[in-house]
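Residues take their numbers from the sequence shown, with the count starting at 1.
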Amino acid sequence: MSTTPDSAVRAYLDSHRDAFLDDLAEWLRIPSVSADPDRAPDVRRSAEWLAAKLTGTGFPTAEIWETEGDGLPAVFAEWPSGDPSAPTVLVYGHHDVQPAAREDGWHTDPFAPQILDGKLYARGAADDKGQVFFHTLGVRAHLAATGRTAPAVNLKLLIEGEEESGSPNFPALIEKHADRLACDAVIVSDTGMWSRGTPTVCTGMRGLTDCQIDLYGPDQDIHSGSFGGAVPNPATEAARLAAALHDADRRVAVPGFYDGVIELTGRERELFAELPFDEEEWLRTAHSHATLGEAGTTTLERLWARPTAEVNGIGGGYQGPGGKTIVPSTAQLKLSFRLVAGQDPAAVQQAVRDWVAAQLPPGIRHEITFWGATRPCLTPLDHPALQSVVRAMGRAFGQKIRFTREGGSGPAADLQDVLGAPVLFLGISVPSDGWHAPNEKVELDLLMKGVETAAHLWGDLAETWQRT
């Protein structure tokens, strides 16, 4: 649908590729590790570098946005189209990175980028600096190929500085600036594809809520011979809670847990089945020996489209060498719940509270602490903005684009909820890129496909969403 000439885009990319990679390498040298307080100045330096580079790209507005307290800065940029009928698109990504050190198992210095065999190795190469930065060359290629002086859409960027630390200040940041972030669609470039040979678009992410349950029995550890079997044992009750979490079909047994769940359609199941999924290979990646989950669902359905409950930790009583015959006074259970479209995290939290209270016997006191929540997000397959992403990727890759979801969770749902706009995912990373692991890298040919996709996307969106 877009009129952006493919040959003109590729010619522009060919002539600017080296300078683009030099700039990206310069940014990757900044160790913007948000989890390390000693690296806070580097995170700020990363934000300042990006803001300056966006100004050089042509964005008339590029600002550092501070977060609350001692939070780390985000970058906001804006480039109006000048066309009153143009849609407004917000690109989200992050410029902070995971910790990395040579002794972790890196073959090279993680903050000294190196290109080897067509791959750029550095912390942040894929997650997420490379995938943020391809938009800078993409928009320039879009302008060069179309002869425009401004993008075909009103283009905004919000590049967070705390994503790798759980985005503690992100909801407050977007609520504070909701007017300036207002948009018709959000493009998240912090995701990946199925594989090199199977380019895909993600259509949703699961939500998350997790908690700790503290159980209290006797006022102190007591003798198991003198008192055991006659008073409630908090460690036993923690184990009973864990065992009661699922029924015989591995469904979550918390009453009300599945309320509102949007079930997969037959078409969505067909699209999942089209993917070249090798379960044995997946098990090797998972370092596991068998699959197990909700009856009547496939592995991919369990990972992407079904809500889950997991025991993350269980403890209580004596943990030292040998035996100690006691009834312990306390025990703990840590649980996490992945949520899918249609579920309300607050409702799930209340359901868990009610379920725990109903399970415990007299004599066991308990406290439940939830650590916040992330809402799930899902884009319908027929959404026009999603179809624009698919067409743009198809032109760049020259093949059919398939669909996935993400089993994990992220801040995309905050953008969806606060801004009231659909979230689309545009990423070119592949599983072997090693996010959060030693020797993180990005495949340079795929990175340039991301640039090419972005160059085609803005024109396609403008034509699809032309207003009257």
Residue pair Glu26, Trp49: steps toward the side chain to side chain contact (heavy atoms under 4.5 Å, CB included) verdict:
CA-CA 9 Å; Glu26 182 178 316; Trp49 185 97; 2.7 Å; yes

In terms of side-chain geometry, is the basic nitrogen of Lys400 or Glu274 positioned less than 4.0 Å from the acidic oxygen of its partner?
yes

Can Trp65 and Ile159 be said to form a side chain to side chain contact (heavy atoms under 4.5 Å, CB included), step by step?
CA-CA 10 Å; Trp65 280 3; Ile159 312 304; over 6 Å; no

Within the 4.5 Å heavy-atom criterion, are Val252 and Pro307 side-chain neighbours or not?
no

Side-chain donor/acceptor of Lys449 to backbone N/O of Met393, under 3.5 Å
no

Does Arg123 pair with Glu440 as a salt bridge, N-O distance under 4.0 Å?
yes

Using atom types as modelled and distance alone, determine if a side-chain donor or acceptor of Arg402 lies under 3.5 Å from a backbone N or O of Thr200.
no

Residue set satisfying side chain to side chain contact (heavy atoms under 4.5 Å, CB included) with Pro168, at least two apart, ordered chain then number -> Glu162

Would you compute the distance between atom NZ of Lys119 and atom CG of Asp445 and round it to the nearest 0.5 angstrom?
8.5 Å

Heavy atoms of Phe257 and Leu339 approach each other most closely as CE1-CD2, 4.2 Å

Taking every non-hydrogen atom, the tightest pair across Leu426 and Leu457
CD2-CD2, 4.2 Å

Surrounding CG of Asp278 (heavy atoms of other residues, nucleotides or ligands, distance under 6.0 Å), is the total greater than 12?
yes

Flag side-chain contact, heavy atom, 4.5 Å: Trp458 against Ser81:
no

Work out which heavy atom in Trp106 is nearest to a heavy atom in Ala437; give both atom names and the distance.
CZ2-O, 3.6 Å

Minimum side-chain heavy-atom gap Pro31-Arg45 below 4.5 Å:
yes

Quick one: does Trp79's side chain get under 4.5 Å of Leu143's, heavy atoms only?
yes

Spell out, as yes or no, whether a donor-acceptor pair under 3.5 Å connects the side chain of Asn439 to the backbone of Gly105.
yes

CZ-CG distance between Arg17 and Asp22, expressed to the nearest 0.5 angstrom
10.5 Å

Could you check whether any side-chain heavy atom of Phe20 comes within less than 4.5 Å of a side-chain heavy atom of Leu447, counting everything from C-beta outward?
yes

I'd like a table of donor-acceptor pairs (distance under 3.5 Å, sequence neighbours excluded) in which one partner is a side-chain atom from residues 67-78, with atom names and distances.
unit_1 : atom_1 : unit_2 : atom_2 : d
Thr67  : OG1    : Gly71  : O      : 3.3
Thr67  : OG1    : Leu72  : N      : 3.0
Thr67  : OG1    : Leu72  : O      : 3.0

Between Asn154 and Thr88, a side-chain donor and acceptor under 3.5 Å:
yes

Within this structure, what is the CE-CD distance for the pair Met448 and Glu443, rounded to the nearest 0.5 Å?
14.0 Å

Any donor-acceptor N/O pair, Thr57 side chain to Lys53 backbone, under 3.5 Å
yes

Considering only distance and modelled atom types, tabulate donor-acceptor pairs under 3.5 Å from the side chains of residues 128-139, sequence neighbours left out.
unit_1 : atom_1 : unit_2 : atom_2 : d
Asp128 : OD2    : His94  : N      : 3.0
Lys129 : NZ     : Trp27  : O      : 3.1
Lys129 : NZ     : Ile30  : O      : 3.0
Lys129 : NZ     : Ser32  : OG     : 3.0
Gln131 : OE1    : Ile428 : N      : 2.7
Gln131 : OE1    : Ser429 : N      : 3.4
Gln131 : NE2    : Ala126 : O      : 3.2
Gln131 : NE2    : Thr191 : O      : 2.9
His135 : NE2    : Ser189 : OG     : 2.8
Thr136 : OG1    : Phe133 : O      : 2.7

Provide the full list of salt bridge (Lys or Arg N to Asp or Glu O under 4.0 Å) pairs with a residue in residues 84-112, sequence neighbours left out, each pair given once.
none

Let's go through Trp304 and Cys202 carefully: what are the C-alpha distance in whole Å and the side-chain angles of both, what is the deciding distance for side chain to side chain contact (heavy atoms under 4.5 Å, CB included) to 0.1 Å, and is it a yes or a no?
CA-CA 10 Å; Trp304 294 344; Cys202 176; over 6 Å; no

Answer yes or no: is there a donor N or O on one side and an acceptor on the other, between the side chain of Arg306 and the main chain of Val340, under 3.5 Å?
no

Atom pair CG (Leu335) and CG (Asp210), whose distance is rounded to the nearest 0.5 Å
9.0 Å

Would you please name every residue forming a side chain to side chain contact (heavy atoms under 4.5 Å, CB included) with Glu301, sequence neighbours left out?
Leu264, Arg269, Phe272, Thr297, Thr298

Would Gln349 and Thr209 count as having a side-chain donor-acceptor pair, cut-off 3.5 Å?
yes

Please round to the nearest 0.5 Å and tell me the distance separating atom CG of Leu446 and atom CE of Met193.
4.5 Å

Arg44 bridged to Glu66 by N-O distance under 4.0 Å
yes

Keeping the roles fixed (side chain from Gln98, backbone from Ser34), state whether a donor-acceptor pair exists under 3.5 Å.
no

Between atom OG1 of Thr404 and atom CG of Leu303, what is the distance when rounded to the nearest 0.5 Å?
11.5 Å

Short N-O contact, Arg395 and Glu452, less than 4.0 angstrom
no

Smallest separation among heavy atoms of His456 and Ala396, with atom names
CD2-N, 4.5 Å

4.5 Å side-chain heavy-atom contact, Arg39 and Pro99:
no

Are any of the side-chain nitrogens in Arg405 or Glu268 under 4.0 Å away from the carboxylate oxygens of its partner?
yes

Would you say the side-chain atoms of Ser167 and Glu160 include a donor-acceptor pair closer than 3.5 Å?
yes

Using a distance-only test with no angle check, is there a side-chain donor-acceptor pair under 3.5 angstrom linking His436 and Glu164?
yes

Using a 3.5 Å distance criterion without hydrogens, assess whether the side chain of Asp433 forms a donor-acceptor pair with backbone atoms of Val430.
yes

Apply salt bridge (charged side-chain N to carboxylate O under 4.0 Å, His left out) to Arg180 and list each qualifying residue two or more places apart in sequence or on a separate chain.
Glu63

Less than 4.5 Å apart, any side-chain heavy atom of Gln416 and any of Arg375?
no

Closest heavy-atom pair and its distance - Leu419, Ala178:
CD2-O, 4.0 Å

Can you check side chain to side chain contact (heavy atoms under 4.5 Å, CB included) on Leu300 and Trp282, steps first, answer last?
CA-CA 10 Å; Leu300 289 183; Trp282 180 84; 6.0 Å; no

Asp190 versus Asp127: any side-chain heavy-atom pair under 4.5 Å?
yes

If you measure only the distance, is there a donor-acceptor pair under 3.5 Å linking the side chains of Ser432 and Lys441?
yes

Tell me the closest heavy-atom pair linking Val43 and Gly161, and the distance in Å.
CG1-O, 3.8 Å

